[in-house]
There are 2 protein chains.
Amino acid sequence: MKPATIERLREAVDALGYRPDFAAQTLRTGRSSVVTAILPGSVTGFPTSTLAAAAEVAGEAGYHMEVAVVAGPSTVRAQRAAELLASGRSEGVLFLGDSPDGGVPAGYGSGAFVVFDQFDDKLRGVGQLADATPVADAISGLAEMGHRRFLHVAGPQDFVSARARRETFLATIAEHAADIEGLESAGVIVGDWSAQSGYDAVAQRQEIDFTAIIAANDVVATGAVRALAERGLRVPGDVSIVGWEDREMGRFMSPSLSTVAVDRRAQGRAAMLRLIALLRGEEAEQADVPVTRLIWRESTGRAPKFP
Amino acid sequence: MKPATIERLREAVDALGYRPDFAAQTLRTGRSSVVTAILPGSVTGFPTSTLAAAAEVAGEAGYHMEVAVVAGPSTVRAQRAAELLASGRSEGVLFLGDSPDGGVPAGYGSGAFVVFDQFDDKLRGVGQLADATPVADAISGLAEMGHRRFLHVAGPQDFVSARARRETFLATIAEHAADIEGLESAGVIVGDWSAQSGYDAVAQRQEIDFTAIIAANDVVATGAVRALAERGLRVPGDVSIVGWEDREMGRFMSPSLSTVAVDRRAQGRAAMLRLIALLRGEEAEQADVPVTRLIWRESTGRAPKFP
DNA sequence: CTGTTAGCGCATTCAT
DNA sequence: ATGAATGCGCTAACAG
């Protein structure tokens with residue numbers, strides 16, 4: 001265009017206060033520039049920072065992120081996602097909160113979707129979001145401190161992340177058992193992420209026949225610590241415990257919780273980047289910054305009766 | 001319409017798989033059916049359940065809730081809100097995360113907005129969302145247990161809720177001072193909602209010249225408890241402490257935290273109901289269910305040296 | 001009560 | 001390099 005024309009245009013824009021109309025654009029192009037984050041009706045613990053990071057990435061890519069709260073089982077959420085995509089309201093869906101095992105049924109029209117903490121094709125990305133390797137590190141570290149019998153209080157097994165941690169727990173125990181005399185699992189108790197589940201796991205146990213607990217998260221760990229105290233056991237004097245999440249309160253509790261810090265923002269960013277890459281038919285760039293980090297604090301120490 | 005026509009129509013809908021097109025609807029009517037929740041760039045503690053409840057209410061009212069993360073000072077967020085409303089992208093804006101004191105500048109076109117935890121006209125709704133009366137109840141209860149000198153570790157004073165609690169703290173102390181010999185404030189320390197701020201408030205104090213702490217929230221309270229322990233003081237033996245929020249970890253900590261439970265979902269619901277009422281030009285229904293509730297647990301007890 | 005019609009503001013194609 | 005013309009799918013207003 002001629003510079004003169006471009007200037008004339010700019011003037012007109014200024015004079016009339018012109019702004020492109022999203023609705024007309026959408027109608028004409030057939031692309032809504034909307035992506036939808038679907039949250040289960042029962043959300044409680046899902047971190048806002050993850051959601052916010054996803055929204056931020058969406059915004060930077062020119063998309064608007066809508067939040068839809070859908071109650072009921074995961075099949076209903078899948079249904080809703082299919083509707084959103086088929087109706088053209090939304091170009092892509094991000095499933096948050098939990099990751100149903102069965103995956104997502106077909107029939108998604110032209111849209112794309114990503115299940116948070118679970119990447120479907122070729123399982124790429126699992127290494128980022130559902131990474132459970134810190135569990136292995138925790139067990140190794142505790143073994144060095146003399147611990148031999150480990151209890152795992154797991155999260156609900158329909159969460160990919162909870163499943164990954166449980167599997168890593170069992171695999172790591174099995175691996176070390178070959179090398180280290182007497183190292184074994186004292187069992188896996190499946191809880192529901194709640195402090196109560198950690199409390200119950202310890203309180204209802206006949207005998208405390210372990211010296212270390214790998215808890216599903218810091219909240220569960222807190223429940224377990226309390227139950228141990230009520231049985232007259234000290235942390236870490238008698239039992240060591242490792243949580244997950246690095247909650248602020250865990251840093252200041254007594255004892256402060258050893259835990260796995262998780263970069264929530266990085267998780268949200270990665271998930272949305274993946275969705276947007278899918279929408280554009282590009283390859284998602286794999287961030288190589290680890291999103292988890294094991295932190296040793298006061299709740300872990302030498303196993304009792306260790307020379 | 002004739003039942004015959006209605007049937008003929010239904011058949012056609014089924015046959016063609018007709019679904020109304022949102023974009024066309026928006027273009028034609030000029031109403032986007034979108035409301036936007038604006039989150040500051042630095043969100044950390046804002047509860048997802050509040051956001052989810054707001055989204056749920058929006059959905060039920062036929063609106064789509066979008067999330068926009070806007071970094072920078074509150075003026076920038078206000079600017080962005082103005083753009084969203086002026087461009088017609090969004091019909092209403094809900095400011096979340098913090099509530100800048102200065103309020104929101106004019107120039108909002110035809111849109112409506114609601115600042116979370118702060119209702120502007122006639123100050124209705126403040127009673128619901130920024131209600132600080134539990135602080136008064138806590139002080140009264142502690143006074144009955146013999147406490148006379150109270151410290152308040154407050155939240156940042158650009159949060160309406162933090163300001164309301166501070167003011168209620170001072171007012172309640174003044175009120176009781178008239179009746180009860182020796183009852184007084186040991187001071188207000190303004191923090192930033194962090195555990196560190198609670199820790200510092202106690203750790204940096206020359207002398208522990210109080211027997212009760214009203215903390216901005218449970219996280220702050222946790223920091224304060226830790227600092228007290230490090231000074232060799234027991235909770236509640238030497239100092240009683242009350243938090244705010246009823247975090248799950250606080251229920252299982254030792255000592256478990258006395259606190260003010262807040263119905264996060266109710267807060268999100270109320271805020272969005274208000275926004276939607278504004279959009280429709282109706283009066284918002286005032287829910288009369290209280291959103292806060294004082295809970296006494298182990299972190300509070302009789303003042304030391306009380307007969 | 002039903003059938004017809006005219007734009008909403010844009011992107012795209014075809015003429016200049 | 002610019003201008004003019006055609007729908008996208010709907011709603012509202014009107015005609016039958």
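Naming convention: chains lettered A, B, ... in sequence-line order (proteins, then strands); numbering from 1 in each chain. Every heavy atom of this structure was used, including side-chain atoms; hydrogens, water molecules and symmetry mates were not.
- Using a 4.0 Å heavy-atom criterion, one finds that A/Arg19 contacts the sugar-phosphate atoms exclusively.
- One atom, CG of A/Asp21, and another, P of D/dC10, lie 17 Å apart when rounded to the nearest Å.
- Following rounding to the nearest Å, A/Arg28 (CZ) and C/dG7 (C1') show an atom-to-atom distance of 16 Å.
- The side chain of A/Gln25 places no N or O atom within less than 4.0 Å of a non-bridging phosphate oxygen (OP1 or OP2) of C/dG9.
- Between B/Glu245 and B/Arg264, at least one side-chain nitrogen of the basic residue sits less than 4.0 Å from a carboxylate oxygen of the acidic one, meeting the salt-bridge criterion.
- Residue B/Pro20 places its side chain closer to D/dC10 than to any other of D/dG9, D/dC10, D/dT6.
- Rounding to the nearest 0.5 Å gives a distance of 11.5 Å between CG of A/Leu27 and CD of B/Gln25.
- Between B/Arg89 and B/Glu83 no salt bridge is recorded (no basic side-chain N to carboxylate O distance below 4.0 Å).
- Across the protein-nucleic acid pair, A/Leu27 atom CG and D/dC10 atom P stand 9 Å apart, rounded to whole Å.
- Contact annotation: the side chain of A/Ser194 approaches that of B/Glu248 to within less than 4.5 Å [non-hydrogen atoms, C-beta and beyond].
- Proximity note for A/Thr29 (side chain, C-beta onward) versus D/dC8, C/dC10, C/dA11: the nearest is C/dA11.
- The shortest side-chain heavy-atom distance between A/Leu85 and A/Thr36 does not fall under the 4.5 Å cut-off.
- In this entry the distance linking CZ of A/Arg31 with C1' of C/dC10 reads 13 Å, nearest Å.
- Five base pairs at each end of the helix from C/dG3-D/dC14 to C/dT16-D/dA1 define two local axes, and these are offset by 40° (rounded to 10°).
- B/Phe22 comes within 4.0 angstrom of nothing in the nucleic acid, heavy atoms only.
- Across B/Ala71 and B/Val76, no two heavy atoms sit closer than the pair O-CG1, 3.7 Å.
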